[in-house]
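What follows is a single structure, written as structure tokens, with notes after it.
Below, all heavy atoms of this structure are taken into account, side chains as well, without hydrogens, waters or symmetry copies. In this chain, residues are counted from 1 in sequence order.
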Amino acid sequence: MEQSAKVALCFIISGNHVLNKETLWREWIEPNKDIINTYFHYKDYSKISSNWIKNNAMPPREIQPSSYYHVVNAYMAILHHAKRADETNKWFCLLTESCVPIISPHLFRKKFLQNKNKSILNWKKPYWNIHFHHRANLKLLPNKYHLSHDPWFILTKKHVEFCLHFLTTNTTMYKKINAGGLANESIFAIILEAYNELTNSEFVENSVTTLTDWSRKTSPTSPWTFHTCEPIDVEIIEKMLKNNPNACFLRKVGCNFPDSILKSYSSDAVNK
């Protein structure tokens with residue numbers, strides 16, 4: 001593989017400002033440290049206790065205010081930072097503190113090699129009534145922009161550049177979308193559609209990158225959190241892996257979920 005191609009793991013963290021499975025992440029990254037860069041967008045630097053996270057944290061001047069409803073600016077900030085920090089970053093993986101790797105480092109490297117010129121974004125028409133819910137203000141946009149997507153995904157460098165270009169050249173539309181709230185589940189598909197890329201299978205794979213259990217919910221707006229490992233948890237993880245061949249990560253995973261179970265999927269001895 002060409003040495004110039006790298007992956008940017010872009011974490012957006014808040015709350016306790018930890019990675020729920022930091023040790024697992026660091027062990028998983030190690031075999032591919034030659035092709036992986038890690039970046040963290042946070043809310044309060046003083047809450048970060050991990051030296052590893054501190055060493056990979058964005059400068060405070062680049063941090064954008066964010067909340068559950070308004071997090072798009074944080075996405076854009078970390079994408080801009082990661083692109084500028086290393087021009088060899090070709091794949092940008094958007095992640096959160098509750099994400100964990102769910103495939104082996106070897107398989108991840110293979111997927112990157114095969115797809116480094118392709119964004120992987122699970123998108124579709126909105127699953128909500130756009131005339132009732134204001135999220136992303138879709139009702140104020142032309143029909144072709146009535147789109148939704150998973151909140152955690154992978155973008156190529158070219159598509160990151162489209163996002164940053166859209167941010168500065170379509171400011172009115174960008175602000176309108178963000179004003180509706182929860183725009184991080186629509187705006188990236190909208191941007192790719194605006195640049196006529198969304199349905200181009202050469203450059204966009206409509207597929208899941210981060211497995212999420214919506215069959216059970218922690219709250220009406222939050223998917224299941226894997227805290228303990230019951231047989232149903234393993235069954236659901238394995239079913240999702242089988243049905244989503246481009247999956248690389250799993251969320252939401254709590255601090256107490258057994259590392260041994262996660263390592264059974266993410267060990268470098270798996271799927272070589």
Side-chain angles (χ1 to χ4, degrees), residues 1 5-13 19-40 56 75 78-79 82 89-123 149-157 159-160 184-185 188-189 192 201 203-214 223-226 233-234 236-254 257 259 261-272:
M1 188 182 71
K6 293 184 181 179
V7 177
L9 299 181
C10 301
F11 290 93
I12 298 177
I13 63 174
L19 282 190
N20 290 354
K21 293 293 182 180
E22 178 180 324
T23 300
L24 183 70
W25 271 110
R26 294 177 68 173
E27 291 176 354
W28 183 83
I29 290 169
E30 184 64 21
N32 284 328
K33 63 183 180 181
D34 61 315
I35 63 161
I36 290 180
N37 290 314
T38 307
Y39 308 97
F40 290 90
N56 293 285
Y75 278 69
I78 197 168
L79 290 173
N89 286 329
K90 303 297 183 184
W91 237 24
F92 298 73
C93 305
L94 277 302
L95 301 159
T96 182
E97 63 263 23
S98 68
C99 290
V100 297
I102 201 65
I103 61 173
S104 72
H106 178 86
L107 183 55
F108 182 78
R109 191 179 189 110
K110 182 179 179 180
K111 286 180 180 291
F112 173 52
L113 173 62
Q114 295 173 339
N115 297 289
K116 63 179 180 291
N117 295 315
K118 183 180 290 188
S119 291
I120 306 178
L121 178 78
N122 184 40
W123 67 272
H149 58 75
D150 288 355
W152 308 103
F153 47 85
I154 297 172
L155 294 179
T156 61
K157 180 180 179 179
H159 290 156
V160 167
N184 60 305
E185 296 184 24
F188 294 94
L192 293 181
S201 60
F203 298 116
V204 177
E205 181 79 25
N206 188 354
S207 188
V208 171
T209 65
T210 302
L211 301 176
T212 309
D213 180 14
W214 283 103
W224 181 255
T225 298
F226 294 90
D233 294 315
V234 174
I236 287 174
I237 291 171
E238 292 186 350
K239 181 179 180 180
M240 291 193 297
L241 275 170
K242 180 179 179 180
N243 294 334
N244 297 281
N246 287 309
C248 299
F249 313 107
L250 169 72
R251 67 182 286 265
K252 294 180 169 183
V253 177
F257 193 82
D259 284 3
I261 299 298
L262 298 173
K263 287 181 179 180
S264 72
Y265 300 107
S266 64
S267 167
D268 210 15
V270 179
N271 294 325
K272 275 200 169 186

Report the C-alpha distance between F257 and L262 in whole Å, list the side-chain angles of each, state the deciding distance to 0.1 Å, and finish with yes or no for side chain to side chain contact (heavy atoms under 4.5 Å, CB included). CA-CA 8 Å; F257 193 82; L262 298 173; 3.8 Å; yes
Validation row: [X], [Y] side chains within 4.5 angstrom (heavy atoms):
X	Y	value
T210	T96	no
D213	P223	no
K157	F92	yes
H159	F188	no
L19	E97	yes
V7	C93	yes
D233	W224	yes
W25	T38	no

Specify the closest pair of heavy atoms between [X] and [Y], including all atoms of both residues, with the distance to one decimal.
X	Y	value
K116	A5	CD-CB, 3.8 Å
I154	F249	CD1-CE1, 4.5 Å
P105	S267	CD-C, 4.1 Å
G254	T225	N-CG2, 3.9 Å
E185	P151	CG-CB, 3.9 Å
P101	S266	O-CB, 3.7 Å

CA sep, side-chain torsions, deciding dist, call: M240, V208, side chain to side chain contact (heavy atoms under 4.5 Å, CB included): CA-CA 10 Å; M240 291 193 297; V208 171; over 6 Å; no
Just say parallel, tilted or perpendicular for the rings of F153 and Y75, cut-offs at 30° and 60°. parallel
How are the rings of W91 and F112 set relative to one another: parallel (under 30°), tilted (30 to 60°) or perpendicular (over 60°)? tilted
Of D150, T209, L192, the residue whose pairing with L121 passes side chain to side chain contact (heavy atoms under 4.5 Å, CB included): L192
Exactly one of K21, R26, E27 clears side chain to side chain contact (heavy atoms under 4.5 Å, CB included) with T23, and that residue is E27
Looking only at atom types and distance, does a side-chain atom of [X] sit under 3.5 Å from a main-chain N or O of [Y], one as donor and one as acceptor?
X	Y	value
W152	L211	no
T156	K118	no
N206	W123	yes

First locate atom [atom1] of [X], then atom [atom2] of [Y], and finally report the distance between them rounded to the nearest 0.5 Å.
X	Y	atom1	atom2	answer
N244	K239	CG	NZ	11.0 Å
L113	K110	CG	NZ	9.5 Å
N37	I29	CG	CD1	10.0 Å
L95	Y39	CG	OH	13.5 Å
F108	I102	CZ	CD1	13.5 Å
C248	I120	SG	CD1	6.0 Å

Yes or no on side chain to side chain contact (heavy atoms under 4.5 Å, CB included) for V253 and N20, after CA distance, side-chain angles and deciding distance? CA-CA 7 Å; V253 177; N20 290 354; 5.8 Å; no
Side chain to side chain contact (heavy atoms under 4.5 Å, CB included) between Y265 and I261: does it pass, once the steps are laid out? CA-CA 7 Å; Y265 300 107; I261 299 298; 4.1 Å; yes
